[in-house]
Chemist: 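Could you have a look at this structure, given as structure tokens, before my questions?
In this chain, residues are counted from 1 in sequence order.
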Amino acid sequence: MTENRHGFATDAIHAGQEIDEVFGAVVPPLHFSTTYAPDGIGNLRRGYDYGRAGNPTRTSLQTQLAALEGGRHAFSFGSGLAAEDAIIRAVTRPGQRIVMGNDAYGGSYRLISRIHGDWGIANTPLDLTDLDRVEAELSKPDATLLWVETPSNPLMAITDIAALAKIAHANQALLLVDNTFASPYLQQPLALGADIVVHSTTKYIGGHSDVVGGAVITSDDELAASIGFQQFAVGAVSGPLDAYLTTRGLKTLAVRMDRHCSNAQAIAEHLLDHPAVERVLYPGLPDHPGHELAKAQMSGFGGMVSIQLAGGEAAARKVAEGTRLFILAESLGGIESLMNYPHEMTHASVRGTELAVPENLLRLSVGIEDVADLINDLDTALAGL
């Protein structure tokens with residue numbers, strides 16, 4: 001796999017998408033075969049023998065992902081959590097510890113605490129903007145992996161990737177960045193010093209709410225070998241149709257993200273002074289505590305907006321169930337706008353922990369519809385309070 005050769009949108013369309021040698025098809029064919037005939041014993045045709053080990057459609061997607069994140073190696077998994085699981089298995093051992101943000105995605109925390117925690121891998125959630133605290137935790141010998149989401153899910157915190165990379169590496173720890181909210185179009189964690197980037201490709205990369213997947217990207221050959229072995233041995237690969245759909249979605253990421261960003265900015269600014277809204281969490285707003293940092297390490301502020309309602313939990317529930325264009329649903333990053341009530345949906349697994357989210361918080365995944373219609377939909381729901 002190669003690093004970026006052209007501009008982002010060009011690589012998104014062309015990386016890994018070689019013209020079919022037999023028929024000249026511009027779109028590479030979808031390979032469903034589970035097994036491949038060698039040219040004699042031990043002489044594989046282009047390295048393929050069995051679908052779990054490799055598939056040409058999956059290879060195309062992985063080449064595309066590596067190019068867009070500026071990495072040398074990429075792996076496509078059956079889900080974002082499967083990708084995270086492979087990383088944890090590859091780089092941590094019982095008795096070691098993961099330092100992570102105290103506002104991480106609930107599914108990631110559930111995987112780390114309830115699955116790997118039972119096998120002796122500890123975790124310490126903390127405020128990753130407190131660099132002194134991060135330094136203190138990583139200086140302890142059992143801390144081997146620093147786990148970062150920026151922007152974070154769902155509180156939209158922005159953390160300094162370059163600063164955290166320096167701290168992690170000074171303490172012989174690895175830095176992982178979950179880049180799902182930003183996407184590779186808006187943020188390049190490897191260029192800022194991260195060792196590993198992980199995505200739920202279900203979200204912005206796939207972009208159409210029709211395929212589940214995950215990805216890991218790195219430029220470290222040793223890490224890639226270890227993660228690749230985990231994928232091969234455990235088998236949590238993406239199927240060929242899933243890889244094909246993800247590739248198709250990824251080709252339009254640049255134009256979609258531009259619209260996601262502009263719509264989200266307009267909605268955040270509109271809601272800022274709404275009497276029913278207590279707080280708007282969006283890094284594109286000048287009063288967001290991470291605004292200047294986001295300007296420095298991102299090329300746009302993203303399509304995710306979280307709001308806290310003045311009327312508390314009851315108001316949040318009513319608005320969540322009162323919109324028409326914003327669909328009440330799990331997930332994010334699709335072309336359609338989604339509304340989520342994290343306290344009982346995406347982050348229900350962290351209730352009662354320090355990662356618990358406010359009960360009056362709603363998470364908006366702003367789609368690419370006409371923004372005037374989206375604003376009217378929100379205003380109508382808020383007017384019902």
Chemist: Partners of F181 by ring pair (Phe, Tyr, Trp, His ring centres under 6.0 Å), sequence neighbours excluded?
Modeler: none

Chemist: Considering non-hydrogen atoms only, spot the tightest contact between P28 and V26 and give its length.
Modeler: CD-O, 3.6 Å

Chemist: Within this structure, what is the CG-CG distance for the pair N171 and L138, rounded to the nearest 0.5 Å?
Modeler: 5.5 Å

Chemist: Could you pull out all residues at least two apart from T202 that satisfy side-chain hydrogen bond (donor to acceptor under 3.5 Å, both in side chains)?
Modeler: S200

Chemist: If you apply the rule side chain to side chain contact (heavy atoms under 4.5 Å, CB included), what do you find for I88 with W147, and how did you get there?
Modeler: CA-CA 10 Å; I88 295 168; W147 191 288; 3.8 Å; yes

Chemist: Any luck finding a side-chain donor-acceptor pair between T124 and R97 under 3.5 Å?
Modeler: yes

Chemist: Got a second to check how far F8's CZ is from S299's OG, nearest 0.5 Å?
Modeler: 8.5 Å

Chemist: Is any side-chain heavy atom of H31 closer than 4.5 Å to a side-chain heavy atom of P240?
Modeler: no

Chemist: Just checking F229: does its CZ atom have more than 12 heavy atoms from other residues, nucleotides or ligands closer to it than 6.0 angstrom?
Modeler: no

Chemist: Could you grab the distance from atom CD of E359 to atom CZ of R351, nearest 0.5 Å is fine?
Modeler: 9.0 Å

Chemist: Would you say that I205 contacts L65 through its side chain, given a criterion of any heavy-atom pair below 4.5 Å between the two side chains?
Modeler: yes

Chemist: Nearest heavy-atom pair of I227 and A90: which atoms, and what distance?
Modeler: CG1-CB, 3.9 Å

Chemist: Any side-chain donor paired with an acceptor under 3.5 Å for H270 and D379?
Modeler: yes

Chemist: Is it the case that the side chain of H14 and the backbone of T10 share a donor-acceptor pair, with hydrogens and angles ignored and the cut-off at 3.5 Å?
Modeler: no

Chemist: Is any side-chain heavy atom of I217 closer than 4.5 Å to a side-chain heavy atom of H199?
Modeler: yes

Chemist: Evaluate R259 against D370 for salt bridge (Lys or Arg N to Asp or Glu O under 4.0 Å), listing each step before the verdict.
Modeler: CA-CA 10 Å; R259 184 63 169 264; D370 289 315; 3.5 Å; yes

Chemist: Is it the case that one hydrophobic cluster holds both V148 and V197, taking links as side-chain heavy atoms less than 4.5 Å apart, direct or via other members?
Modeler: no

Chemist: Could you check whether any side-chain heavy atom of Q17 comes within less than 4.5 Å of a side-chain heavy atom of T247, counting everything from C-beta outward?
Modeler: yes

Chemist: Report the C-alpha separation of Y244 and V211 in whole Å, then their side-chain angles, then the decisive distance to 0.1 Å, and conclude whether the side chain to side chain contact (heavy atoms under 4.5 Å, CB included) test is met.
Modeler: CA-CA 10 Å; Y244 172 85; V211 57; over 6 Å; no

Chemist: At what distance, to the nearest 0.5 angstrom, does NE2 of H73 lie from OG1 of T218?
Modeler: 7.0 Å

Chemist: Taking all heavy atoms of L325 and all of E369, pick out the closest pair and write down the distance.
Modeler: O-OE2, 4.5 Å

Chemist: Would you compute the distance between atom NE2 of H260 and atom OG of S337 and round it to the nearest 0.5 angstrom?
Modeler: 8.5 Å

Chemist: Can you see which heavy atom on I161 is nearest to which on P189, and at what distance?
Modeler: CG2-O, 4.1 Å

Chemist: Kindly write out the residues that satisfy ring pair (Phe, Tyr, Trp, His ring centres under 6.0 Å) with Y109, not counting sequence neighbours, or none if the list is empty.
Modeler: none

Chemist: Between the side chain of S238 and the main-chain N/O of A243, is any donor-acceptor distance below 3.5 Å?
Modeler: no

Chemist: Mind telling me whether H291 and F301 have parallel, tilted or perpendicular rings, with 30° and 60° as the class edges?
Modeler: parallel

Chemist: Does the side chain of P342 come within less than 4.5 Å of L361's, by heavy atoms?
Modeler: yes

Chemist: I'd like to know whether CZ of R279 has more than 12 heavy-atom contacts from other residues, nucleotides or ligands below 6.0 angstrom.
Modeler: no

Chemist: Can you list the steps and then say if N123 with H116 is a side-chain hydrogen bond (donor to acceptor under 3.5 Å, both in side chains)?
Modeler: CA-CA 10 Å; N123 69 85; H116 290 283; over 6 Å; no

Chemist: Could you pull out the closest heavy-atom pair between L253 and Y204, with the gap in Å?
Modeler: CD1-O, 3.5 Å

Chemist: Where the side chain of T159 meets the backbone of T129, is there a donor-acceptor pair that is under 3.5 Å apart?
Modeler: no

Chemist: For the residue pair S306 and P154, what are the closest heavy atoms and their distance?
Modeler: OG-O, 2.5 Å

Chemist: Is there side-chain contact between Y105 and H347, with heavy atoms separated by less than 4.5 Å?
Modeler: yes

Chemist: Could you go through T59 and Y48, starting from their C-alpha distance and side-chain angles, then the distance that decides it, and tell me whether this counts as side chain to side chain contact (heavy atoms under 4.5 Å, CB included)?
Modeler: CA-CA 10 Å; T59 297; Y48 296 104; 2.8 Å; yes

Chemist: Same cluster or not: are L175 and L131 linked, directly or through other Ile, Leu, Val, Met, Phe, Trp or Tyr residues, by side-chain heavy atoms under 4.5 angstrom apart?
Modeler: yes

Chemist: Does atom CD (E330) have a neighbourhood of more than 12 heavy atoms from anything else shown, all under 6.0 Å?
Modeler: yes

Chemist: Is the shortest side-chain heavy-atom distance between L30 and L241 below 4.5 Å?
Modeler: yes

Chemist: Quick one: do the T180 and D178 side chains pair a donor with an acceptor below 3.5 Å?
Modeler: yes

Chemist: Are L146 and L128 close enough, and set up right, to give a side chain to side chain contact (heavy atoms under 4.5 Å, CB included), and what steps lead you there?
Modeler: CA-CA 10 Å; L146 177 57; L128 295 180; 3.9 Å; yes

Chemist: Any side-chain heavy atom of I307 within less than 4.5 Å of one from L378?
Modeler: no

Chemist: Whether the N153 and R363 side chains hold a donor-acceptor pair (N or O, under 3.5 Å, no angle test) is what I'd like checked.
Modeler: yes

Chemist: Taking L293's backbone N and O only, do any of them form a donor-acceptor pair with D160's side chain (distance below 3.5 Å, no angle check)?
Modeler: no

Chemist: Quick one: CE on M339 to CD on E321, what's the gap to the nearest 0.5 Å?
Modeler: 10.5 Å

Chemist: List the steps and the verdict of salt bridge (Lys or Arg N to Asp or Glu O under 4.0 Å) for D127 and R133.
Modeler: CA-CA 8 Å; D127 177 1; R133 176 82 192 281; over 6 Å; no

Chemist: Apply the test salt bridge (Lys or Arg N to Asp or Glu O under 4.0 Å) to residues E21 and R46: give CA-CA distance (whole Å), side-chain angles for both, the deciding distance (0.1 Å), then the verdict.
Modeler: CA-CA 14 Å; E21 294 180 358; R46 301 193 179 184; 3.0 Å; yes

